[in-house]
Amino acid sequence: IDKQICSEVKQVFNDMINEKISATSHYINKILDINKNERLISWNNAMYKDENGDIIGVIAIGNDITQEEFLTEELKISNLKYEQTFKTAQIGIAHVGLDGSWLDVNDYLCKLIGYSKDEFLKLTFHEITYADDLDKDLAYVRKLLENKLDSYHIEKRYIRKDGNIIWVNLSVILLRDSSDKPLYFISIIQDISQIKLLMLELESKKNELENVIRFAPNPIMLYDEEGTILLINEAFEEITGYTIKEIATIEAWNERALGTRESLNLLDVDQLFKNNIRVDKGAKTIITKGGEELVWIFSLAPLGDVYGGKKVVIFSAMDITEIQRKEDLMLAQSRQAAMGDMIGMIAHQWRQPLSIISMVANNLRVNLELNEEISSSEIYKLTDILNEQTQYLSHTIDDFRTFFKPEKAKERITLCKIYEKLDSMMQKILENNQITMTFINDCNIEFYTYPNELIQVMINLVNNAKDAIKERNVKDAEIQISTSFKENLLTIAISDNAGGIDKSVIDKLGEPYVTTKSANGTGLGIYMSLIIIEKHFGGSMNWKNINNGSCFTIELPLVNAKEK
C-alpha cells in the first residue's frame, strides 16, 4: 500500500480504537499488487476485544471488487451511449410492449408520424398501421413470440396524425430476460416513402415506354444478351403471325423466320454495346407463320440494362414487301434509318439515367437489408437524384411517342420548339462524341408545318455532320444552326467544321446512292431530305463548302408565319 493509503488505513484503525467511529466500518481503497497493478478493495473492519472488553486489535476483511467496478462503469457508459443514440438518431427507434403499446419512442419517430411523445404513448402500433398491412405484421409478431424467428424486416405503411400515409422499412427484435421470458419489442423504423414512390414512378415510366413500343406502327422487338425475347409489339405479331410464346428466344425466331437461310446475326450484343451505335442490317426475307415471304429492313440499337440488369437490344423493322415504286422504297429506307437514329439516340439517353437509378436503388436496398442507418439528408439527396433521372426518362418517352405519331395535318409550332426537340434528341449522342451544337439568331417564329418531317431532315443533316467529324477525328468539333426570316421565307443553315464535302461528290450529292461516307453510307439521306423539303414543304435545299467545313441551307416559304 502506498504511503498515502497506508496513512488513511492507520487513521481508520485509530478512530475505531478511540471509538470515534462505530465498532464496524466499511470503506474502499486502491492497492498495488505484486505486479504494480492497481486493484480496488472493499474493506469491512471490526474491533477485536479481549475478555475484559479491552480493544486489542482490528479485524479487516478485504474483497477485490476491481472487475465489478469496471463492469459497472462500462454499463454506465453503455447506457449513456444508448440513451444518446435513442434520442438523437436520424431513424425511428421504439420500445413496444407485448400488447402493441408504445413504451418509449424517440424524437425522430414522433416527428415522422406527427404525434407528440405523450400522444404516442397512449396508442398501439395497431392503431397507426395501414389496415392492409396489419395482418402481415401481426403474423411476424406471433412468430417472434413463439421463438420461430429472431427478428423480422418488412416494408409497411403507417398512417400519420394528419391522415397521410407513409412507407417505412420496419426491423423488429424481441428482447427476453435470462429465463427467456419475452419482455418487449425493439423496433427500428426508416422512412422510405420517397424511395417507394419514385420506384413506382420508374416502373410506371418503363411500362409507358413498353406501351409506346407496343402500339408503334412498325414491328419492334426487345431481347436481352442471353437471347431471351422480352417484348414484341402488336405490329410484329400482326405481320408475322407469331406470339411471344412461339418465339421465346432469338434462336427460335431465326429458325422460324429464316428456315435454313443465313441467320439474322442478332446475338452479337457485346460488340453492339462496345461500339455504342445503331446497326442497320439491310433487307432480309422473312417467313411468316402462314408461310408468306416478306421483305424487311431492320435496325438494332443498344438500350441498356432495363430488365434485371441484363443488356437489352431494340430490334426495329419495316415491311417493304408491298412498296413498288423506287422512290417509295427509298423513302421507306430513309424513314427506317431515321427511326433507327431515333432509337439509337433514345438508347444513348436512357443508359446513363438507368445506370444511376439502378445503382441508387441497389445501394438503398443493400442498406435496408443490412439494417444500416441512412440519414435524412442522405435520403433526400438520393431521392432528388432518382426524381431528376425519372423526369429525364419521361421527357425521352414523350419525344419517342411524338416521333411515331402520324402527321395527317400541319401543326402550328414555333421554330424554337423544333430546335428544343432536336437538341433533346441529339444532345447525348453529340456529347458522347465531344461535339458542341449551338443555335444562332432568334428562332421565335411561329408557322404551320409538319414538325416530325422537318426534325427528320435536320436529324439527318446533323448526323451526317457528326459522322464526318467522327471519321476525320476533328478536335473542338462544332455544329452551328443559324436562322433568318425575311418576307415569309425561313432560312435554316446547318454548318460544321468537319473539313468540307469531297469535291468528287459535291456536285452529285442529292442523287440516289451518292454518299460522302467512306463506309456504311447509303446515299439516301440527302436524297430523301430533298424530296421532303421540295415536295412536302415546297422549299429548297442546297449545300457548299465554307472555310473548314460544309454548310447545308434549307429555305422554306411560310404562309401566315409571324415572329412572336
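Each residue takes its place number in the sequence, starting with 1. What you see is a predicted model, and the numbers here were worked out from it, not measured in a lab.
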Nearest-0.5 Å distance, [atom1] of residue [X] to [atom2] of residue [Y]:
| X | Y | atom1 | atom2 | answer |
| --- | --- | --- | --- | --- |
| K30 | N37 | NZ | CG | 13.0 Å |
| I128 | R160 | CD1 | CZ | 10.5 Å |
| I247 | N254 | CD1 | CG | 10.5 Å |
| I229 | I244 | CD1 | CD1 | 6.5 Å |
| R142 | D137 | CZ | CG | 10.0 Å |
| Q190 | I91 | CD | CD1 | 4.5 Å |

Hey, does the side chain of [X] reach the backbone of [Y] with a donor-acceptor pair shorter than 3.5 angstrom?
| X | Y | value |
| --- | --- | --- |
| N433 | I435 | no |
| T249 | T228 | no |
| N233 | I213 | yes |
| E127 | T124 | yes |
| T129 | F125 | yes |

When you compare the side chain of [Y] with that of [X], does any pair of heavy atoms fall below 4.5 Å?
| X | Y | result |
| --- | --- | --- |
| Y158 | L112 | no |
| T240 | W296 | yes |
| I113 | K161 | no |
| L231 | M221 | no |
| S316 | N218 | no |
| D150 | I173 | no |
| I93 | I189 | no |
| L174 | V141 | no |

Closest non-hydrogen atom pair between [X] and [Y], with its separation:
| X | Y | value |
| --- | --- | --- |
| L145 | P182 | CD2-CB, 4.3 Å |
| S171 | H153 | OG-ND1, 2.7 Å |
| I455 | I418 | CG1-CG2, 3.8 Å |
| F236 | P219 | CD1-CB, 3.7 Å |
| V312 | L222 | CG1-CB, 4.3 Å |
| K117 | V105 | CE-O, 3.4 Å |

* So, are E246 and R256 salt-bridged, with charged N and O less than 4.0 Å apart? ->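 Salt bridge absent between E246 and R256.
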
* Does anything in residues 232-243 pair up under salt bridge (Lys or Arg N to Asp or Glu O under 4.0 Å), and if so which pairs, sequence neighbours excluded? ->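 The answer is none; no pair qualifies.
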
* Do any pairs count as a salt bridge (Lys or Arg N to Asp or Glu O under 4.0 Å) and have a residue in residues 164-188, sequence neighbours left out, and if so which ones? ->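 As it turns out, the salt bridge (Lys or Arg N to Asp or Glu O under 4.0 Å) pairs with a partner in residues 164-188, which skip direct neighbours, are R176-D180.
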
* Asked: Do the ring centers of Y115 and W102 come within less than 6.0 Å of each other?
  ->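 Between Y115 and W102, the centre distance exceeds or equals 6.0 Å.
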
* Kindly say whether the aromatic ring centers of F298 and F315 come within a distance under 6.0 Å. =>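 Yes, ring centres under 6.0 Å apart.
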
* Walk me through it: do L175 and H95 pass the test side chain to side chain contact (heavy atoms under 4.5 Å, CB included)? => CA-CA 10 Å; L175 195 66; H95 295 166; over 6 Å; no

* For R157, which of D133, I166, L134 qualifies under side chain to side chain contact (heavy atoms under 4.5 Å, CB included)? ->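 Answer to the side chain to side chain contact (heavy atoms under 4.5 Å, CB included) test with R157 among D133, I166, L134: D133.
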
* To do: Could you give me the CA-CA distance, side-chain angles and deciding distance for I41 and D64, then say whether side chain to side chain contact (heavy atoms under 4.5 Å, CB included) is met?
  => CA-CA 5 Å; I41 307 298; D64 186 352; 4.1 Å; yes

* Who are the ring-ring contact (aromatic ring centres under 6.0 Å, His included) partners of Y152, not counting sequence neighbours? ->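 Y152 satisfies ring-ring contact (aromatic ring centres under 6.0 Å, His included) with Y140 once adjacent residues are dropped.
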
* side chain to side chain contact (heavy atoms under 4.5 Å, CB included) assessment of V168 paired with E155 -> CA-CA 6 Å; V168 300; E155 291 181 359; over 6 Å; no

* Asked: Could you go step by step and tell me if D99 and S101 meet the side chain to side chain donor-acceptor pair (under 3.5 Å) rule?
  -> CA-CA 6 Å; D99 60 352; S101 60; 2.8 Å; yes

* Over 12 foreign heavy atoms within 6.0 Å of CD, Q434 ->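 No, not enclosed.
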
* Report yes or no: do S116 and D118 form a side-chain donor-acceptor pair below 3.5 Å? =>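 Their side chains do not contain a donor-acceptor pair, so the 3.5 Å distance test is not met.
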
